[in-house]
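Scroll down for the structure; my scribbles are underneath it.
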Amino acid sequence: VDLLGAATLTAATAPRFGGSMCDKLTDVGWYVEINAEPGRFVSFADVVLDRRLDPGGDTAWDAAVIFLGSNHDGDLARFTSRYVDALDRLAPRPVVVLTVTEIAANRSDLNEVIRAEVAARDNVQLIDWAVITADEPGLLARDGLHLSSAGGNRLVTEVALALGPAMVQVVDAECAPTQFTDDEVGSGSDDDL
């Protein structure tokens, strides 16, 4: 399974930050690759998919998880176009997507796009992180966006529940190395990628 995220929230679960996502998913037989960097916009999906879905490459993901939109430049049309393109490129494999915490009014617009894409696609499943965090604000740090310790645990649990056990169990499953490890917050933008 590939986890694609352009936020500190997803990167925080990667092996370089303790590996809680890998630990949980490898326990149920998934071979996991987390491609996430803090401060990235939706265009980060293009960068990851260009590298990891190369027709000549060895990537044969069985499923993907997308958590994009926490970093948003305000351009809803660009977000929609790139988000839809990422889902198109990942089809027909199963994809789990997460809505974003609504820290600003324009995040509800992003969530409408995400929910509409889930409704229109048979291969896409939703984790409504916006609803979860609105109902349980203790999952977030004081800034209202980043994860508290409880939030990190809940995010990992929600993803694991959505994916379930791997259909083909990987013996001694582990977390794969990633090419995406630039953890300088805000280092990327649509213009930089």
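What you see is a predicted model, and the numbers here were worked out from it, not measured in a lab.
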Residue pairs passing the salt bridge (charged side-chain N to carboxylate O under 4.0 Å, His left out) test where at least one lies in residues 95-113, sequence neighbours excluded: none

Pairs where residues 135-150 contributes a residue and the test salt bridge (charged side-chain N to carboxylate O under 4.0 Å, His left out) is met, not counting sequence neighbours: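 Qualifying pairs, neighbours excluded: E136-R154.
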
Does any non-hydrogen side-chain atom of [Y] lie less than 4.5 Å from one of [X]?
| X | Y | value |
| --- | --- | --- |
| V156 | L25 | no |
| D62 | P94 | no |
| L163 | V96 | yes |

I114 vs L68, side-chain contact (heavy atoms from CB on, under 4.5 Å): CA-CA, chis, key distance, verdict: CA-CA 10 Å; I114 294 167; L68 295 167; over 6 Å; no

Under the side-chain hydrogen bond (donor to acceptor under 3.5 Å, both in side chains) test, residues paired with N106 that sit two or more places apart: none

side-chain hydrogen bond (donor to acceptor under 3.5 Å, both in side chains) partners for D88, two or more places apart: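 R121.
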
Shortest non-hydrogen contact between [X] and [Y], atoms and distance:
| X | Y | answer |
| --- | --- | --- |
| N111 | A130 | ND2-CB, 3.4 Å |
| V100 | S70 | CG1-N, 3.5 Å |
| D73 | F41 | N-CE2, 3.6 Å |
| L155 | F67 | CD1-CE2, 4.0 Å |
| W30 | A63 | CH2-CB, 4.1 Å |
| I127 | A162 | CD1-CB, 3.8 Å |

Do [X] and [Y] sit in the same hydrophobic cluster, where Ile, Leu, Val, Met, Phe, Trp and Tyr count as joined when their side-chain heavy atoms come under 4.5 Å apart?
| X | Y | value |
| --- | --- | --- |
| V84 | V124 | no |
| L147 | V131 | no |
| L161 | I66 | no |

Straight-line distance of T133 OG1 to L145 CG, nearest 0.5 Å: 9.0 Å

Distance in Å, L98 CG paired with L126 CG, rounded so as to fall on 0.5 Å steps: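 It is 7.5 Å, given to the nearest 0.5 Å.
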
Test item: N35 side-chain N/O and V48 main-chain N/O as donor-acceptor pair under 3.5 Å: no

S81 side chain vs A77 backbone, donor-acceptor pair below 3.5 Å: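 Checking the backbone N and O of A77 against the side chain of S81, no donor-acceptor pair under 3.5 Å is found.
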
Stepwise side-chain contact (heavy atoms from CB on, under 4.5 Å) test for T101 and I132: CA-CA 9 Å; T101 299; I132 293 168; over 6 Å; no

Test of understanding: with side chain to side chain contact (heavy atoms under 4.5 Å, CB included), list the residues that count as partners of [X], not counting sequence neighbours.
| X | answer |
| --- | --- |
| D85 | D46, R89 |
| A91 | N123 |
| A150 | L139, S148 |

Results of salt bridge (Lys or Arg N to Asp or Glu O under 4.0 Å) for D75 - residues two or more places apart only: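 Scan of D75 (salt bridge (Lys or Arg N to Asp or Glu O under 4.0 Å), adjacent residues dropped) gives R78.
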
Trace of the side-chain contact (heavy atoms from CB on, under 4.5 Å) decision for T99 with R115: CA-CA 8 Å; T99 56; R115 291 181 185 115; 4.0 Å; yes

Stepwise side-chain contact (heavy atoms from CB on, under 4.5 Å) test for V95 and Q125: CA-CA 6 Å; V95 178; Q125 178 182 348; over 6 Å; no

Residue pairs fulfilling ring-ring contact (aromatic ring centres under 6.0 Å, His included) with at least one residue in residues 82-117, sequence neighbours excluded: F79-Y83

ring-ring contact (aromatic ring centres under 6.0 Å, His included) contacts touching residues 93-118 (sequence neighbours left out): none

